[in-house]
Protein chains: 2
Amino acid sequence: MSEHNAAIGIGIGIGIGIGELARRADCKPETVRYYERVGLVDEAVRTEGGQRRYGEAAVRRLIFIRHARDFGFSVEAVRELLTMSDRPDMSCQEVDAIATHHLEEVESRLQRLEALRDELRRMVGQCAGGKVESCRIIEVLSDHQLCISEHDHGGADDLKHGPHS
Amino acid sequence: MSEHNAAIGIGIGIGIGIGELARRADCKPETVRYYERVGLVDEAVRTEGGQRRYGEAAVRRLIFIRHARDFGFSVEAVRELLTMSDRPDMSCQEVDAIATHHLEEVESRLQRLEALRDELRRMVGQCAGGKVESCRIIEVLSDHQLCISEHDHGGADDLKHGPHS
DNA sequence: ACTTGAACCTATAGTTGCTACAGGGTTTAT
DNA sequence: ATAAACCCTGTAGCAACTATAGGTTCAAGT
């Protein structure tokens with residue numbers, strides 16, 4: 001049996017360590033411990049010495065989480081998605097709602113980022129390469145009037161916060 | 001003279017308080033104090049009672065900062081831009097370099113966000129509205145193979161970190 | 001059995017750019 | 001004189017990790 005399990009990759013009574021788990025989901029051990037702390041992954045079985053050991057289920061769950069995070073879903077959204085994926089009999093309406101909402105946020109962010117890009121292009125395009133004194137970039141930054149779009153290309157925040165649930 | 005200054009908006013010996021300053025640059029007093037802490041704005045003159053008072057120069061500087069932040073420049077980038085705008089005789093090469101670099105980052109982020117949007121659209125579009133069991137969204141999240149783009153649509157980080165300097 | 005070195009443990013602080021308190025003091029207008 | 005509106009400092013919080021310090025355990029080789 002252990003040959004079979006070796007082929008699968010995880011022996012039943014043994015399991016893999018946190019490093020190997022992290023490698024399989026393309027993240028770091030710290031991230032896994034973080035997910036455990038915030039309750040996205042269950043507390044792992046421990047060896048006598050206190051080290052975490054994981055099985056196939058944990059690998060699948062972590063890959064799901066990392067993939068959803070890759071898609072930009074917030075940790076809270078991932079938590080909801082996980083809850084639902086644990087209940088296969090449920091209607092997937094809510095899953096769809098979360099994904100659709102997220103898509104909308106990504107689209108609105110895209111629009112604002114495009115406006116920002118246009119404004120930056122204009123700014124950079126107008127720099128004649130002289131002295132700071134007459135630098136178009138500095139001027140635009142000093143005077144909002146010089147922007148085409150009336151205020152708010154999304155703003156710095158837009159580039160920071162992930163779209164939530 | 002105080003009538004004239006009232007017209008300008010800031011009396012010479014008096015100055016405005018932090019609240020008024022913040023209002024003029026469309027931010028909050030806390031933000032101004034934060035900028036002071038990190039050295040983006042100078043320490044203000046204080047009243048006898050210890051309250052900050054500002055003049056026109058501070059208003060201009062803060063507006064510049066907020067505008068640059070609106071453009072998505074990081075605080076560190078803003079610091080450099082400020083240093084340069086303080087030296088009008090310098091060549092604006094470096095200004096241009098910062099802005100161009102920032103533009104490039106915005107553009108690359110846009111691309112990844114577009115890929116993400118496409119993937120999300122596909123995912124949402126394929127949801128047939130049945131049970132979670134057969135939910136296409138859950139499936140895609142469980143299995144990266146189902147993505148069109150080979151891995152890495154930018155990732156969650158992309159939606160969080162602002163583009164730096 | 002022993003030793004080495006990689007992997008692991010916990011707890012805590014740092015990242016970015018603010019924002020939000022708590023628990024006071026000051027200014028200004030009536 | 002008193003109240004409303006403003007301001008002060010210091011600290012903690014947000015998201016989602018990442019990094020570090022200082023120690024323990026595991027697995028493999030000799």
Side-chain angles (χ1 to χ4, degrees), chain A residues 11 13-41 43-54 62 65-66 68-79 105 154-165, chain B residues 11 13-23 25-41 43-54 62 65-79 105 154-165:
Chain A
I14 316 128
I16 57 174
I18 196 170
E20 177 64 17
L21 171 66
R23 226 166 290 126
R24 293 198 194 196
D26 196 32
C27 66
K28 303 187 179 173
E30 287 90 341
T31 308
V32 179
R33 285 191 281 259
Y34 169 72
Y35 288 155
E36 184 186 293
R37 262 209 316 286
V38 301
L40 276 195
V41 308
E43 288 193 26
V45 181
R46 303 284 185 130
T47 61
E48 284 192 14
Q51 300 197 356
R52 292 166 179 84
R53 285 298 175 266
Y54 299 92
L62 185 58
I65 294 168
R66 288 308 306 168
R69 294 281 306 122
D70 260 5
F71 268 103
F73 288 99
S74 72
V75 164
E76 281 321 300
V78 175
R79 196 191 301 279
E105 281 190 339
D157 281 1
D158 228 39
L159 303 160
K160 262 175 29 201
H161 303 323
H164 302 308
S165 68
Chain B
I14 316 127
I16 56 175
I18 197 170
E20 177 64 18
L21 171 65
R23 227 166 289 126
D26 195 31
C27 67
K28 302 189 180 174
E30 286 91 342
T31 309
V32 179
R33 284 191 281 260
Y34 169 71
Y35 288 155
E36 184 186 293
R37 262 210 315 286
V38 301
L40 277 195
V41 306
E43 288 192 28
V45 181
R46 304 282 185 133
T47 62
E48 285 193 13
Q51 301 197 355
R52 292 168 180 85
R53 286 296 176 267
Y54 299 92
L62 185 58
I65 294 168
R66 289 306 306 167
H67 200 184
R69 293 281 309 121
D70 260 6
F71 267 103
F73 288 98
S74 71
V75 164
E76 281 320 301
V78 175
R79 196 191 302 280
E105 280 189 342
D157 280 1
D158 229 38
L159 304 159
K160 261 174 29 201
H161 303 323
H164 303 306
S165 67

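The chains referred to below are lettered A, B, ... by the order of the sequence lines, with proteins before strands, and numbering in each begins at 1. Note that these values count all heavy atoms, side chains included, but never hydrogens, waters or copies made by symmetry.
Shown here for A/Gly19 and A/Pro29, the closest heavy-atom pair between the two residues is CA-CG, 4.1 Å.
Residues passing the side chain to side chain contact (heavy atoms under 4.5 Å, CB included) test with A/Val45, sequence neighbours excluded: none. Looking at residues two or more places apart in sequence or on another chain, you find a side chain to side chain contact (heavy atoms under 4.5 Å, CB included) between A/Arg23 and A/Glu20.
Atom pair B/Glu20:CD and D/dC7:P shows a separation of 9 Å (rounding to whole Å applied). A/Leu40 places its CG atom 10 Å from the P atom of D/dA16, with the value rounded to the nearest Å. Across the protein-nucleic acid pair, A/Tyr54 atom OH and C/dC9 atom C1' stand 12 Å apart, rounded to whole Å. Atom OH in A/Tyr35 sits roughly 11 Å away from atom C1' in D/dA15 (whole-Å rounding). In this structure, the OH atom of B/Tyr34 is 18 Å from the P atom of D/dC14, given to the nearest Å. Going from atom NZ of A/Lys28 over to atom C1' of D/dT20 covers 13 Å, rounded to whole Å. The separation between B/Glu30 atom CD and D/dT11 atom C1' is 13 Å, rounded to whole Å. The distance from atom CD1 of B/Ile16 to atom C1' of C/dT28 is 17 Å, rounded to the nearest whole Å.
Both A/Arg66 and B/Arg53 sit near DNA chain D, but only B/Arg53 has its closest nucleotide nearer the 5' end. Residue B/Glu36 is the one, among B/Glu36 and A/Thr31, whose nearest nucleotide of DNA chain D lies closer to the 5' end (criterion: closest heavy atom).
In this structure, the nucleotide among C/dG17, D/dT9, D/dT18 sitting nearest to the side chain of B/Val75 is C/dG17.
Looking only at side-chain heavy atoms (C-beta outward), A/Arg69 and A/Val78 come within less than 4.5 Å of each other. The side-chain heavy atoms of A/Tyr54 and A/Val32, taken from C-beta on, include a pair separated by under 4.5 Å. Counting heavy atoms from C-beta outward, B/Cys27 and B/Leu62 have side chains that approach closer than 4.5 Å.
Residue contacts shown for A/Arg33 include a base, since a base heavy atom lies under 4.0 Å away. The residue B/Arg79 sits apart from the nucleic acid: no heavy atom pair falls under 4.0 Å.
OP1 or OP2 of D/dT9 lies within a sub-4.0 Å distance of a side-chain N or O belonging to B/Arg52. Residue B/Arg69 places at least one side-chain N or O closer than 4.0 Å to OP1 or OP2 of C/dC18.
Looking at residues 43-51 of chain A, you'll see A/Arg46, A/Gly50, A/Gln51 sit with a heavy atom under 4.0 Å from some atom of DNA chain C.
The side chain to side chain contact (heavy atoms under 4.5 Å, CB included) test with B/Ile18 singles out one residue from B/Arg53, B/Arg52, B/Lys28, and that residue is B/Arg52.
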